[in-house]
Structures are given as C-alpha cells and as structure tokens.
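For reference, the structure is listed below as structure tokens.
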Amino acid sequence: MVIKKKFWKNKKVLVTGNTGFKGAWLCLFLNLLGAKVYGISLKKDFSKSLFKIFKLEKVIKTFFVDINDKKIVKLIQKINPEILIHFAAQSLVIKGYQSPFLTYNTNIIGTLNVLRGASISNKLRCILISTTDKVYSSVNIRKNKSYTETDRLGGNDPYSGSKAASEILIDSYYKSFLMKKKNLLVVRAGNVIGGGDFSENRLIPDFFKSLKKKKYFTLRNPNST
C-alpha cells in the first residue's frame, strides 16, 4: 500500500469517533499528511486518551455531539467534508449485553444519521464505514477457512447483531440514496492491537493493567484461539 501525501494535502476529512483509540491514531496520521481534519465525538474524560496524549485538540476541530442525535445530520452538512470516515460506535461486546438498547441505537440509528448527513453534503465524494469481523452468522463457522464478503450476516450477541443490521442498513441506504452520487466503502475490521488502547475487557491492555496494579491477570476465555 502506498500512501500518497499529495492526495491528502488540504483534503477536508471528517472522522466520527475521532477521540477513540482508532480514531485518534487515524487523525494523527491524517494531520501529518496535511489533511484538514474535523471530528465528531462524545464528550468524555480525555485524561487517559490518545486524543489528549497526541494533543489533537489543538489541531483538530472537534464537535462533541452524540451520533444518535438528529442534529448530526445538519452538522455533517455544515462541515461539508470531501471524505467521511465513520468510526463512532458502541464497540464492546460485553457492554452490548449490559446496555443493549444503547448498542443497537448507536450502531444502527447512529449510522443512519451519519448516512443521512452524508447524502446531503454536496462536496462529499467518499464515505468509509468501519463495522466488524463479527458480522458473520455463526452458521458460517468453519475450520481452517477464512470468511468471504458473500458469507451470510448474523450475530449471537447485541454488538454483533447490531453491526450486521447496520450493514443491511448501509447497503439499502446506499442503493436508495447514494449510489449515483457518492462512493461508499465498508471495512470489516478485526481487533486492533496498539499503544494507547485503554478500552475495557481487552486482552493485552488488561494484562498491563494487572501488571501495573500488581494483581493476578485473569483470562476470560482461555480456550479461545
């Protein structure tokens, strides 16, 4: 893969979820490439976040709005980016069980709000939406073989199900309202490992948290591959 700095120079890019783990890393790179980066995120404690560590608040205009709020539609239209990257989500499996309504609402209705805002932004040319590798139905489980994009969607938990449902939403909305106007890409991301991940219930961050607190480290799923 070749990253063309000339392409990103002065490109107006909007990143939802820009204060999160992946969002902060992405915004750092986009800023280094010379892009004009804007962000939409929830207001939260940034004392232990990459967004704060990288001092991104000084170089990126961030709007603190919940993507579930319909105000997001007009806000995206107002920012009017050339490229929109949608990372904002409820992305934790265990939290999906604890807060199912929030999970379904954020990952489905929140995505719908973002798509609606994208559809009425006249300068926008490309939308990239991140879902998850957990969108595949459990009936597809097979040993020693990878999933393919044509495999059946599904989900046995609120997080997986909400992301699979969002893919159906994205596909139908694109074909109905965006196909002749914008380019849309969906990436099914697996777990990302890297510095600055402070999320709950993650294997490597939990290990270092246990080390720091001098506590025993417990594997939640020791039989998992």
Side-chain angles (χ1 to χ4, degrees), residues 1 3 15-33 37 39-60 62 64 66-68 85-107 110 128-136 138 141-147 155-164 166 187-225:
M1 183 177 71
I3 298 174
V15 180
T16 71
N18 68 305
T19 61
F21 170 54
K22 287 194 287 188
W25 274 113
L26 176 65
C27 288
L28 175 68
F29 285 118
L30 289 173
N31 184 61
L32 290 172
L33 290 168
V37 188
I40 294 175
S41 184
L42 281 175
K43 185 76 173 176
K44 57 184 178 182
D45 179 16
F46 296 122
S47 59
K48 285 186 179 180
S49 72
L50 284 177
F51 188 75
K52 189 78 172 177
I53 293 168
F54 292 154
K55 299 180 180 179
L56 290 170
E57 71 273 13
K58 295 181 179 180
V59 294
I60 293 171
T62 300
F64 294 105
D66 190 335
I67 60 167
N68 294 324
I85 301 172
H86 179 41
F87 276 171
Q90 193 306 92
S91 59
L92 303 175
V93 174
I94 293 176
K95 189 173 180 179
Y97 286 111
Q98 296 168 342
S99 305
F101 183 84
L102 171 68
T103 300
Y104 287 115
N105 202 54
T106 301
N107 294 344
L128 185 145
I129 300 177
S130 175
T131 60
T132 175
D133 60 353
K134 295 177 179 65
V135 296
Y136 299 107
S138 58
I141 291 176
R142 43 193 153 156
K143 293 182 180 179
N144 304 319
K145 285 189 178 181
S146 301
Y147 288 115
N156 291 343
D157 63 89
Y159 170 68
S160 303
S162 67
K163 283 292 193 175
S166 75
V187 289
R188 294 173 180 168
N191 288 338
V192 179
I193 298 171
D197 186 356
F198 300 105
S199 297
E200 299 175 15
N201 303 309
R202 299 216 193 264
L203 184 67
I204 294 175
D206 283 358
F207 170 77
F208 282 103
K209 288 173 187 175
S210 298
L211 199 65
K212 185 177 180 181
K213 294 177 181 178
K214 297 181 179 179
K215 291 185 176 181
Y216 283 108
F217 174 57
T218 303
L219 285 173
R220 287 182 302 279
N221 300 298
N223 295 321
S224 293
T225 301

Q: Nearest 0.5 Å please: distance from the CG atom of Asn31 over to the CG atom of Leu26.
A: 11.0 Å
Q. What is the minimum heavy-atom distance between Leu56 and Cys27, and which atoms define it?
A. CD1-CB, 4.2 Å
**Q.** Minimal non-hydrogen separation, Ala24 against Leu50, with atom names
**A.** CB-CB, 3.7 Å
Q | Closest non-hydrogen atom pair, Leu203 against Leu219 | A | CD1-CD2, 3.5 Å
Q. Does Pro100 offer a backbone N or O that forms a donor-acceptor pair with the side chain of Gln98 under 3.5 Å?
A. no
**Q.** Contacts of type side chain to side chain donor-acceptor pair (under 3.5 Å), residue Ser162, not counting sequence neighbours
**A.** Asn107
**Q.** Pairing residues for Ser160 by the side-chain contact (heavy atoms from CB on, under 4.5 Å) criterion, not counting sequence neighbours
**A.** Lys134, Asp157
(Q) Tell me every residue that passes ring pair (Phe, Tyr, Trp, His ring centres under 6.0 Å) with Phe54, counting only those two or more places apart in sequence or in another chain. (A) Trp25
Q: Output all residues satisfying side chain to side chain donor-acceptor pair (under 3.5 Å) with Asn105, sequence neighbours left out; order by chain, then residue number.
A: none
Q: List in chain and number order the residues that pass side-chain contact (heavy atoms from CB on, under 4.5 Å) with Ser49, two or more places apart in sequence or in another chain; answer none if no residue qualifies.
A: Phe46, Phe51, Lys52
Q: Specify the closest pair of heavy atoms between Val37 and Ile60, including all atoms of both residues, with the distance to one decimal.
A: O-CG2, 3.5 Å
**Q.** Which residues share a ring pair (Phe, Tyr, Trp, His ring centres under 6.0 Å) with Phe217, sequence neighbours left out
**A.** Phe207
Q: Tell me, with the steps shown, if Lys22 and Ser91 meet side-chain contact (heavy atoms from CB on, under 4.5 Å).
A: CA-CA 11 Å; Lys22 287 194 287 188; Ser91 59; over 6 Å; no
Q) Residues in side chain to side chain donor-acceptor pair (under 3.5 Å) with Thr131, at least two apart? A) Glu167
(Q) What's the separation between atom NZ in Lys95 and atom CG in Asn201, rounded to the nearest 0.5 Å? (A) 11.0 Å
Q | Smallest separation among heavy atoms of Thr132 and Tyr159, with atom names | A | CB-OH, 3.3 Å
(Q) Taking side chain to side chain donor-acceptor pair (under 3.5 Å) as the definition, give me every residue that meets it alongside Thr62, ordered by chain and number, with sequence neighbours left out. (A) Asn18
(Q) More than 12 heavy atoms of other residues, nucleotides or ligands under 6.0 Å from CZ of Phe64: yes or no? (A) yes
Q | Nearest atoms (heavy-atom pairs only) where Ala89 meets Lys163 | A | CB-NZ, 3.5 Å
Q | Residues forming a side-chain contact (heavy atoms from CB on, under 4.5 Å) with Ile193, sequence neighbours excluded | A | Ile204
(Q) Rounded to the nearest 0.5 Å, what separates atom CG in Asn68 from atom CD in Gln90? (A) 11.0 Å
Q: Could you pull out all residues at least two apart from Asp197 that satisfy side-chain contact (heavy atoms from CB on, under 4.5 Å)?
A: Phe21, Ser199, Arg202, Pro205
(Q) What I want to check is whether the side chains of Tyr136 and Arg188 have a donor and an acceptor closer together than 3.5 Å. (A) yes
Q) OG1 of Thr106 to CG of Leu42: how many Å apart, nearest 0.5 Å? A) 7.5 Å
Q: Quick one: which residue pairs count as a side chain to side chain donor-acceptor pair (under 3.5 Å) with a foot in residues 209-220, not counting sequence neighbours?
A: Asp206-Arg220
